[in-house]
Amino acid sequence: MLENATPAQAAAIEHRDGPLMILAGAGSGKTLAITARIARLIGQGVKPYNILAITFTNKAASEMRERVEALVGKTDAWISTFHAMCARILRAHADKIGFTRDFTIYDSDDTRACIKSVMEEMRLGLTTLSPRGCAEIISTAKRKMLPPEQFAAGAFGPIEKAAAKVYAKYEQALHSKNCMDFDDLLLFAHRLLNERPDVLRKYAERFKYISVDEFQDTNSLQYMLARQLACKHKNICVVGDPDQTIYTWRGATLRNVFDFERDFPGAKVVLLEQNFRSTKKILRAASSLISHNEERKEKRLVTNNPEGENIILLEADDELAEAEHIVRLVREFRDEGFALHDVAVLYRVNAQSRPIEEALLQEGVPYALVGAVEFYRRKEIKDILAYLRLVVNPADIVSFMRVVNIPPRGIGAVTVGKISDAASREGITLADVAAGKSKSASFFPKQAQAMKEFADVIEKIRAVQGKPVAEMAMEAVRLSGYQADIEKNKDERTEDRIANIDQLINAAAEYDRGEPQGGLQGFLEHVALVSDVDQWDEKADKVTLMTLHSSKGLEFPVVIVSGLEEGLLPHILTMERSGDTEEERRLCFVGMTRAMKRLVLTYANRRAAAGRYADRLPSRFLSEIPSDVLSMRRPLTTRPPGGRMFRTAGRRDYGDDEFADKTQEPAQSPELLPSDIRFKPGERVRHGHFGAGKILSVQKRGKLTHARIFFDEAGERTVVLEYANLERLED
DNA sequence: GCCGTATAATTTTTT
DNA sequence: ATTATACGGC
């Protein structure tokens, strides 16, 4: 490998001891260099056990592992993301920070759900603060390592003050339920290493050689972790390209790059400036674009590659036409001799994939969608996983709330409220309350029965623990009633849902094969951190579709960057602050520099957003590319404005409805009604959900009795006395 | 009290 | 267009 390396690459690969920073331009072979260096260290007698390599994604981690193992054979080196590494360390030492080793990891959806339920419990008006916004504020605070009290002290304005209160309650909720969110993984790992010298010593001594890839996209907490781990041997190698910083919205900061030289005096700095990937024209276009960033250190990027073809600039009427022309171009490239797997279509937002998918489907061109609605976040997948998570951690409140009434078993919002009240009042888990262990709560017999059945389902799945995870997953699908529910309520999504569940079981079986010792706990962690099935097969002959963000670190002979429009790239939500626009430019730069031989840029004059069409202007980034490397390609065909060639979405069948109605059973009336519904106006009562109030009026309506009640906190409401289970209060 | 339907609100990128 | 919430029915 050294034979073919440039002097700069060789310097990076041959560097052995002491801190090293590789500033590597796009396509300069940085991943190759870092992999070669690790392989060389092992070849020189360094034990893989003493090596830690941090990558940005799990995919990158498994690729690096494959490359290293291809060179030196199977290894027990740690090659993973920061988050996976932290989870591994924390599992081993969970007791030292007040958790147990089977803690649950919340992804961003779980986190939001948890914050939402905390806010509801606090009866906080959702008008000032959305759960989403609150989650964002809390995450930012955590990344700055501000605990709730400190954040509260510095909170400014009503929104931050409210968020600070939620933050404190949320932390409590997570901790008491043995759960952690993504930020906690980093935070607690840092705290553990900081407060326990014995633990720090163990890892700092073990990891004699550390490398961090995509260093430009690490946040300060991650950098601190890396520094802690490198404190003993100081053999840390960081690799990055400031021009490819595209995750500042997640806390990434270039300060790490500047701090590195300060924190590791005498660090060797290697610049990789030769590009081995792209043609001269592609590189000229990308360089010209990125030179428009003002907060940037000038960096050269040169190549000995051929001049290459011009970049195709494609204008389309709307996103449907854009998609059709993309498909047409794909066929042209195939006729030129490119394989389908040579082609990638990149876009700013996942929603852009849909018209492109439809066009590819229409023309019978196979494609692979990377990312998108991540597999493990699909509804039915999360439902099944929630059952499995409850087996491992019965206190997991988010999973409990998620599936306690999925499939519907007659446990609604009010009952759920009672369950969570009882749980926090008595200090027992939600699952305990469902199993009937609460002393203080009272439920209708129907609800109590349903809860018991739910608790039994969890117990029955637990009984299969120890068997392969795939079998447990199958049991969960069956025992939960999910399978029966899907078979009963058939609709147009049924096939998809069944396919997804099959895929989940496949993924579990694959996990069982790869990690026979991992168990359910290991599988759930894998799922929480991996976010997508590692199914993207580069060898399969398919066009690849993915976001610009996910394309980082990859390369393709042919790249089509779509949607170069003002408001989309740069994205509208980033256009207010100029710094953010610079990040969008870097994002565009990342996309363009994925291309080896051919590059296509596309934009549409109109695009549907939120169901409505809006006119679009070409992106400012297009004007920053020299026109002599561009070839304009106008649409070959046009169609009437707004006209659609084929649309299947939104189609509805009404014909079957009346037959469906006949097969439906009549709704069952509750088998038991509270005996005493004789309330009169003026009486004070207590309601399970709305609290205390005064009856204004009572009115018989058919078989049921409606009462108008003024509640002290909830205001005026109408309730049905037969169902409301009111408690009479003395004046 | 739960459930189905009508209405309103919402759109970035990912560990 | 899709998804969360509000409302009314039983």
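Numbers restart at 1 for each chain; the letters A, B, ... are given by sequence-line order, proteins then strands.
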For this session: Would you kindly give the CD-to-C1' distance between A/Gln244 and B/dT13, to the nearest whole Å?
Result: 15 Å
Problem set entry | Non-neighbouring partners of A/Thr55 that pass side-chain hydrogen bond (donor to acceptor under 3.5 Å, both in side chains), sequence neighbours left out | none
Problem set entry | N/O (side chain, A/Thr57) to phosphate O (OP1/OP2, B/dT15) under 4.0 Å | no
Exercise. Under the side-chain hydrogen bond (donor to acceptor under 3.5 Å, both in side chains) test, which residues partner A/Tyr511, sequence neighbours left out?
Worked result: none
For this session: Please report, rounded to the nearest Å, how far the C1' atom of B/dG1 is from the CD atom of A/Gln449.
Result: 17 Å
Exercise. To the nearest angstrom, how far is A/Asp580 atom CG from B/dT13 atom P?
Worked result: 15 Å
Exercise. Can you tell which of B/dT13, B/dT15, C/dA1 lies closest to the side chain of A/Thr547?
Worked result: B/dT13
For this session: Tell me whether the OP1 or OP2 atom of B/dT12 has a side-chain N or O from A/Asn350 closer than 4.0 Å.
Result: no
Exercise. Which nucleotide, B/dT14, B/dT15, C/dA4, lies nearest any side-chain atom of A/Ser108?
Worked result: B/dT15
Exercise. Which whole number of Å gives the distance between the P atom of B/dT13 and that of C/dA4?
Worked result: 16 Å
Exercise. Is the centre of the A/Phe454 ring less than 6.0 Å from the centre of the A/Phe400 ring?
Worked result: yes
Problem set entry | Touch class at under 4.0 angstrom, heavy-atom based, for A/His571 against every strand present | sugar-phosphate
Problem set entry | base_contact_polar (B/dT13 base, A/Arg348 side chain, donor-acceptor, <3.5 Å) | yes
Seminar exercise, completed: Ranking B/dT13, B/dT15, B/dT12 by distance to the side chain of A/Arg250, first place goes to B/dT15
For this session: Provide, to the nearest angstrom, the distance between the CD1 atom belonging to A/Ile572 and the P atom belonging to B/dT12.
Result: 12 Å
Seminar exercise, completed: To the nearest angstrom, the CG-P distance between A/Leu554 and B/dT14 comes to 13 Å
Exercise. Is the phosphate of B/dT14, meaning OP1 or OP2, less than 4.0 Å from a side-chain N or O of A/Lys59?
Worked result: no
Exercise. Between the main-chain N or O of A/Glu214 and the side-chain N or O of A/Asp217, is there a donor-acceptor pair closer than 3.5 Å?
Worked result: no
Problem set entry | Euclidean distance, atom CG of residue A/Leu346 to atom P of B/dT13 [Å, nearest integer] | 14 Å
For this session: Could you tell me the separation between the CG atom of A/Leu548 and the P atom of B/dT14, rounded to a whole number of Å?
Result: 10 Å
Exercise. With a 6.0 Å cut-off on ring centres, are A/Tyr223 and A/Phe215 close enough?
Worked result: yes
Exercise. Only one of A/Glu582, A/Glu583, A/Glu584 clears side chain to side chain donor-acceptor pair (under 3.5 Å) with A/Arg586; which?
Worked result: A/Glu583
Which pairs, protein N/O on one side and nucleotides 2-6 of chain B N/O on the other, fall under 3.5 Å?
{"unit_1": "B/dC2", "atom_1": "OP1", "unit_2": "A/Gly412", "atom_2": "N", "d": "2.3"}
{"unit_1": "B/dC2", "atom_1": "OP1", "unit_2": "A/Thr415", "atom_2": "OG1", "d": "2.7"}
{"unit_1": "B/dC2", "atom_1": "OP2", "unit_2": "A/Val414", "atom_2": "N", "d": "3.3"}
{"unit_1": "B/dC3", "atom_1": "OP1", "unit_2": "A/Gly410", "atom_2": "N", "d": "3.4"}
{"unit_1": "B/dC3", "atom_1": "OP2", "unit_2": "A/Asn405", "atom_2": "ND2", "d": "3.2"}

Exercise. Does A/Arg594 count as lying over the ring of A/Phe556, i.e. NZ or CZ under 6.0 Å from the six-ring centre, within 45 degrees of the axis?
Worked result: no
Exercise. Between B/dT14, B/dT15, B/dT13, which nucleotide has the shortest distance from any of its atoms to the side chain of A/Tyr247?
Worked result: B/dT14
For this session: Rounded off to whole Å, could you give me the CG-to-C1' distance for the A/Asp184 and B/dT15 pair?
Result: 13 Å
For this session: Tell me what A/Arg132 touches on the nucleic acid: a base, only sugar-phosphate, or nothing, going by heavy atoms under 4.0 Å.
Result: sugar-phosphate
Exercise. Do A/Phe188 and A/Phe99 make the cut of ring centroids closer than 6.0 angstrom?
Worked result: yes
For this session: Would you mind classifying the nucleic acid contact of A/Phe82 as base, sugar-phosphate or nothing, using non-hydrogen atoms under 4.0 angstrom?
Result: nothing
For this session: Among B/dG1, B/dT13, B/dT15, find the nucleotide with the atom closest to the side chain of A/Phe444.
Result: B/dG1
